[in-house]
Amino acid sequence: MKGPQERRRCSWAERSPEESVYHDTEWGVPTHEDSTIFEFLVLETMQAGLSWTMIMKRREGMRKAFDGFDYHKIAAYDDEKEAALLQNPNVIRHRLKIASLKKNARAFMKVQEEFGSFAAYIWGFTDGNTIVGHWQKEEDAPAATALSDTISKDLKKRGFTFVGSTIVYSFLQAIGVVNDHIVSCPRYRMLVTPRMSRVQELAESEKE
């Protein structure tokens, strides 16, 4: 029988061992390292229309196939490399998603050139603050918000693909721009810090 604290975790963390580790160590942690941010962007774009469970189970296979999620190497992919990836059973073999790897890596580096880092760009949308949802139940959390709408539009203008608002919102959750752990989850309490003091104001503005 599970203890009360374990039952109060975000329930999706119980779906697989991989998701449990991801939930307990990565999801919602404020991330400012561009290499990690790019990895999460790739994972989220690959997830479009699929289950997160599948993505987590194939994550290490994709890491190996995608050169450690190194955007410098991915930006140089040619037709031969993309064709090989489409034959690799350890990745998501979707032609447009595979093509998006190179496009997004190149767009990612252009953002770095303009802003100094991709982290500076993405965190600039919230002035460096994390938006905390304060959700009582997982179903209360939105699939997209005005913020993800804005970022999605801007990313598309910059040449990114597979960055619809729902994908972008999941990406923001992953890198900690948004903390959507339910309030009863131990990770919620661990991640809420004084740095997040503007969260309620930002969260309320999202609802207007």
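No experiment lies behind these values; they were computed from the predicted model shown. We're numbering straight along the sequence, starting at 1.
Looking at every heavy atom in both residues, Phe108 comes nearest to Phe160 through N-CZ, 3.5 Å. Pairing each heavy atom of Gly28 with each of Leu191, the nearest pair is O-CD1, 3.6 Å. Across all their heavy atoms, Ala119 and Asp34 have their closest contact at N-OD1, 2.9 Å. Closest approach of Ala48 and Phe162 over heavy atoms only: CB-CD2, 4.3 Å. Annotation for Ile182 and Cys10: closest pair N-SG, 3.6 Å, computed over non-hydrogen atoms.
Between the side chain of Glu138 and the main chain of Ser11, a donor-acceptor pair closer than 3.5 Å is present. Checked by atom type and distance alone, the side chain of Arg58 pairs as donor or acceptor with a backbone atom of Val91 at under 3.5 Å. The backbone N or O of Cys185 lies less than 3.5 Å from no partner atom in the side chain of Arg8, so there is not a single donor-acceptor pair. Asp67 places no side-chain N or O within donor-acceptor distance of the main-chain N or O of Phe69, the cut-off being under 3.5 Å. Side chain of Ser152 to backbone of Val168: no donor-acceptor contact under 3.5 angstrom is found.
Across Phe118, Trp123, Tyr121, a single residue satisfies ring-ring contact (aromatic ring centres under 6.0 Å, His included) together with His32, and that is Trp123.
Using a 4.0 Å cut-off between charged side-chain N and carboxylate O, Lys57 and Glu19 make no salt bridge.
The CE atom of Met46 sits 9.5 Å away from the NE2 atom of His94 when rounded to the nearest 0.5 Å.
Within 6.0 Å of the CZ atom in Arg95, the count of heavy atoms belonging to other residues, nucleotides or ligands does not exceed 12. The local environment of NZ in Lys103 is sparse, with at most 12 non-hydrogen atoms from other residues, nucleotides or ligands closer than 6.0 Å. Under a cut-off of 6.0 angstrom, the local environment of CD in Glu80 is sparse, with at most 12 non-hydrogen atoms contributed by other residues, nucleotides or ligands.
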When you look at Met62 and Asn90, which way does the side-chain contact (heavy atoms from CB on, under 4.5 Å) test go after all the steps? CA-CA 6 Å; Met62 287 191 283; Asn90 297 313; over 6 Å; no
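For Trp135 and Tyr188, the distance between ring centers is not under 6.0 angstrom.
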